[in-house]
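Below you'll find the structure, written out as structure tokens, and then a few comments.
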Amino acid sequence: PRRAILLAPAALAALLAASGDASAASGAAPTDDDIAALASPAHLRRLAEHPDRERRIMLAGLLPEILLLMAPIERTEMVASWATSSSPHLRLAIARALRHLQAKPRTPGVITALEHLAGDPDPSIRAAVAEAAWLRRREDPGRLIAVLHRLSEDDNLFVREVARLALGDS
């Protein structure tokens, strides 16, 4: 089994704090089992749907690192399930995380997830997709520039401006 201790100390502390874990306040070192439970898909889903917006934002910032700790099949499944979730919080968290998820090791389905999320009804998700498409454009230029062109014609002014800025058309 992977050792969850690979999480950077700052990321681990943030994940514990976001979870409201008592050991974060006490300074007690969490066990590998504690960390594995915190990074479980069920717990991550609860954090992503937490009523506190700051906790949701914190999780989105940690997701790229957490995803890299997962086995490739787990990472791919999480990207796909969150991108197609009925929960706007999960879709926004994964859209934000895909901006900074490393290209290596490759995660199948990332580009497809961005293409899917580009049609999301929530403009904040579409804006995050525009940023992710620009940051990841070298991975599949044809598909990601097409996403940006589609978003540059979006009904929402902010989404349209983010996409146009990425394309250099502002």
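- Judged by distance alone, the side chain of R96 and the main-chain N or O of G61 form no donor-acceptor pair under 3.5 Å.
- Under a hydrophobic-cluster definition in which Ile, Leu, Val, Met, Phe, Trp and Tyr are linked whenever side-chain heavy atoms come within less than 4.5 Å, directly or via other members, L135 and L101 are assigned to different clusters.
- Interatomic distance, L98 CG to L117 CG, rounded to the nearest 0.5 Å: 7.5 Å.
- To the nearest 0.5 Å, the span separating NE2 on H89 from CZ on R53 amounts to 10.5 Å.
- Across P64 and A97, no two heavy atoms sit closer than the pair CG-O, 3.5 Å.
- Between V159 and N156, the shortest heavy-atom distance links the atoms N-OD1, 3.1 Å.
- Between H50 and D52, the shortest heavy-atom distance links the atoms ND1-N, 2.9 Å.
- Considering only residues two or more places apart in sequence or on other chains, R143 meets the side chain to side chain contact (heavy atoms under 4.5 Å, CB included) condition with I111, T112, E115, D140.
- Considering only residues two or more places apart in sequence or on other chains, A130 meets the side chain to side chain contact (heavy atoms under 4.5 Å, CB included) condition with L148, L151, V162, A163.
- Under the side chain to side chain donor-acceptor pair (under 3.5 Å) criterion, R99 pairs with E131, not counting sequence neighbours.
- With rounding to the nearest 0.5 Å, the separation of OG1 in T107 from CE in M70 is 10.5 Å.
- The minimum heavy-atom distance linking R45 with S81 is given by the pair NH2-OG, 4.3 Å.
- Counting heavy atoms from C-beta on, the side chains of M58 and R55 never come closer than 4.5 Å.
- Remark: side-chain polar atoms of R150 are not paired, donor with acceptor, to backbone N or O of V147 under 3.5 angstrom.
- Legend: residues meeting side chain to side chain contact (heavy atoms under 4.5 Å, CB included) with P72, ordered by chain and number and at least two apart, are R75.
- At least one side-chain heavy atom of L167 sits under 4.5 Å from a side-chain heavy atom of I145.
- Other residues sharing a hydrophobic cluster with I57 under the 4.5 Å side-chain heavy-atom criterion for ILVMFWY residues do not exist; the residue is a singleton.
- Within a 6.0 Å sphere centred on CD1 of I73, heavy atoms belonging to other residues, nucleotides or ligands number 12 at most.
- The two residues E139 and A103 come nearest to each other via the heavy atoms OE2-CB, 3.6 Å.
- A heavy-atom distance below 4.5 Å is not found between the side chains of D122 and L92.
- D120 is not listed as a side-chain neighbour of V129, based on a closest heavy-atom distance of 4.5 Å or more.
- Here the CG atom belonging to L67 is positioned 10.0 Å from the CD atom belonging to E74, to the nearest 0.5 angstrom.
- Between L63 atom CG and E65 atom CD the span is 10.5 Å, to the nearest 0.5 Å.
- In this structure, the side chain of R164 engages the main chain of S152 through a donor-acceptor pair within 3.5 Å.
- Considering only residues two or more places apart in sequence or on other chains, A48 meets the side chain to side chain contact (heavy atoms under 4.5 Å, CB included) condition with L59, W82, L90, A93.
- When all heavy atoms are compared, the tightest approach of A95 to A132 is O-CB, 4.2 Å.
- Rounded to the nearest 0.5 angstrom, M78 CE and I66 CD1 are separated by 7.0 Å.
- Under the 3.5 Å distance criterion, the side-chain polar atoms of R91 are matched with a main-chain donor or acceptor of S85.
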